[in-house]
Amino acid sequence: MSAISLPKLPAIASSPIAVEVLNGLTEHPKTLSPWLFYDEAGSRLFEAITELQEYYVTRTERQILAEHADEIVSAAAGGRDLSIIELGAGTATKTGLLLNAAVGLQGSVTYYPIDVSETALEEARTRLEAELPEVTVEPIVADYTEGMRQNGAGRAGRRLVLYIGSSIGNFSPADAVEVLRGVRGQLLPGDCLLLGTDMVKDTKLLLAAYDDAAGVTARFNMNMLVRINRELDANFNPQMFRHQARWNEQHSRIEMHLESLLAQRVAIRALDMQVRFSLGETIHTENSYKFTDERVVASLTRAGFRLRQQWSDAKKWFTVFLAAAS
Ligand code: AVJ
């Protein structure tokens, strides 16, 4: 047998980020997955985005929840004891509105925020327990499916799962149905899902929301390169890339890209890899799908839910759907 010497890569090369970067940057066109946005700096930048004038998403949904929280929570409870679970809770800044309504309805409530970020969950717990002592916070550090499974054991009463913020918008239509099916699989008939989705609207408004004047979204997008530099010992020069937001009419989605401003080569040393970019070539970093009522209802139905009620703002920019496991 001849001795084959395998190139030695550091252990980091099999980490989730290494696998993502290796696969994504050898694809054509190049892609990187949106979960890479959310390191500590990226999570802070996202919080800043939610406060931007152009980013109507968060404040519009908050306004809908503020107006209809009592109605939402009593419809979901149906006269039984309700617990609330949140997928991708982050720091849970909009959830207080619903928890407060649940406390008004039944005196106390247990809240299970599920997120992969332990620091975000601890921040949520500290803030919510100070603001609302009648809320018991039980953080679950896990991805959605695993978190739902952990939460399912030995429970009584009704469950309301929150999947708000249009987070579902990161998934292709087919994957979104799979995600919803996964949630449905962990519920009993009568349990509810509250799904928040950003709706199709004027293209100029959509583009502004993903390319704000202060450049916060640009920094959020670019942070992916900064993160790869740090975690995979790469030498991306962020100044040699430009943030780009596009509306893809055919797929009804905003796309974010990082466009190479010149022909260049980047070294990713932890992967022992060189990546070539041509002038104007992009890395596709995010899809943010925009919805219609019909599309959301069709996806919910295919996933095993039945629509109960829906609420929107006056301009129909954002909609919150309450659906029951059928
Ligand atoms: C967290 C996926 C809902 O798509 O609007 C915000 C992320 N990206 N600005 C969105 C995001 C750029 C956000 N979601």
Side-chain angles (χ1 to χ4, degrees), residues 31-65 86-95 113-117 120 124 143-144 162-173 175-176 179-180 194-227 241-248 251-259 282-291 295-296 299 313 317-321:
T31 63
L32 288 171
S33 179
W35 66 262
L36 287 172
F37 287 133
Y38 300 96
D39 64 357
E40 230 182 275
S43 301
R44 258 187 282 110
L45 285 165
F46 178 68
E47 292 292 322
I49 287 173
T50 65
E51 286 160 20
L52 291 169
Q53 163 51 31
E54 293 96 328
Y55 195 74
Y56 59 84
V57 177
T58 310
R59 69 166 177 278
T60 306
E61 185 179 42
R62 186 184 293 116
Q63 184 195 314
I64 296 167
L65 296 178
E86 183 167 3
L87 305 181
T91 51
T93 52
K94 286 165 291 191
T95 318
I114 302 174
D115 203 286
V116 289
S117 165
D143 64 37
Y144 302 165
L162 310 179
Y163 195 20
I164 58 179
S166 208
S167 304
I168 190 90
N170 271 164
F171 295 101
S172 71
D175 288 350
V179 169
L180 296 177
L194 190 72
L195 182 68
T197 62
D198 192 22
M199 310 310 273
V200 173
K201 60 183 62 62
D202 184 82
T203 307
K204 272 205 216 80
L205 289 167
L206 285 171
L207 287 171
Y210 292 84
D211 194 6
D212 61 280
V216 181
T217 308
R219 260 188 291 146
F220 174 72
N221 198 6
M222 220 64 94
N223 178 58
M224 239 192 232
L225 304 181
V226 178
R227 178 179 186 177
F241 289 83
R242 184 177 75 85
H243 166 68
Q244 197 184 84
R246 304 180 190 165
W247 171 244
N248 183 326
H251 289 111
S252 190
R253 69 191 187 203
I254 286 283
E255 297 178 2
M256 298 213 308
H257 293 258
L258 290 165
E259 180 189 359
T282 74
I283 309 173
H284 184 175
T285 51
E286 184 170 47
N287 289 321
S288 185
Y289 284 84
K290 303 304 166 189
F291 297 86
R295 271 274 310 283
V296 176
S299 300
D313 56 295
W317 282 3
F318 199 95
T319 305
V320 169
F321 296 85

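Each residue takes its place number in the sequence, starting with 1. Just follow the structure's listing: the first ligand is 1, and inside any ligand the first atom is 1. Computation of the quantities below employed the complete heavy-atom set of this structure, encompassing side-chain atoms and omitting hydrogens, waters and symmetry-equivalent molecules.
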Which residue holds the protein heavy atom closest to [atom], what is that atom called, and what is the gap in Å?
atom: atom 14 (N) of ligand 1; answer: Tyr55 OH, 4.3 Å
atom: atom 7 (C) of ligand 1; answer: Glu286 OE2, 3.4 Å
atom: atom 4 (O) of ligand 1; answer: Ser288 OG, 2.7 Å

Whether Tyr38 lies under 4.0 Å from ligand 1, heavy atom: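 Tyr38 counts as a contact of ligand 1 under the 4.0 Å cut-off.
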
Phe37 to ligand 1, any heavy atom closer than 4.0 Å: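 Not so, Phe37 does not reach ligand 1.
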
Side-chain donor/acceptor of Asn221 to backbone N/O of His257, under 3.5 Å: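 Checked: pair present.
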
Test item: Thr285 side-chain N/O and Met256 main-chain N/O as donor-acceptor pair under 3.5 Å: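 Checking the backbone N and O of Met256 against the side chain of Thr285, a donor-acceptor pair under 3.5 Å is found.
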
Test of ring centre spacing under 6.0 Å for Tyr38 and Phe220: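 Between Phe220 and Tyr38, which both carry aromatic rings, the centre distance is below 6.0 Å.
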
Enumerate the atoms of ligand 1 whose separation from the nearest heavy atom of [X] is less than 4.0 angstrom.
X: Phe46; value: 1 (C), 6 (C), 7 (C), 13 (C)
X: Phe220; value: 8 (N), 12 (C)
X: Gly165; value: 3 (C)
X: Tyr210; value: 4 (O), 5 (O), 6 (C), 8 (N), 9 (N), 10 (C), 12 (C)

Atom pair OG1/CD of Thr282 and Glu259 - distance to nearest 0.5 Å: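 Here the interatomic distance stands at 7.5 Å.
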
Distance in Å, Ser252 OG paired with Trp247 CH2, rounded so as to fall on 0.5 Å steps: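 So the gap between those two atoms works out to 4.0 Å.
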
Under 3.5 Å side-chain donor-acceptor pair for Glu286 and Asn170: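 Result is yes, a qualifying pair exists.
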
From CA spacing to verdict: ring-ring contact (aromatic ring centres under 6.0 Å, His included), Tyr144, Tyr163: CA-CA 10 Å; Tyr144 302 165; Tyr163 195 20; 5.3 Å; yes

Nitrogen or oxygen of Lys290 less than 3.5 angstrom from that of ligand 1: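 Such a contact does not occur with ligand 1.
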
Nitrogen or oxygen of Ser166 less than 3.5 angstrom from that of ligand 1: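 No - when backbone and side-chain N and O of Ser166 are compared with those of ligand 1, no distance drops under 3.5 Å.
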
Which atom of Trp317 lies closest to which atom of Lys201, heavy atoms considered: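 Of all heavy-atom pairs spanning Trp317 and Lys201, the closest is O-NZ, 3.1 Å.
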
Nearest candidate to atom 2 (C) of ligand 1, where distance is taken over non-hydrogen atoms, out of Asn170, Asp211, Leu206: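 Selected option, by shortest heavy-atom distance: Asn170.
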
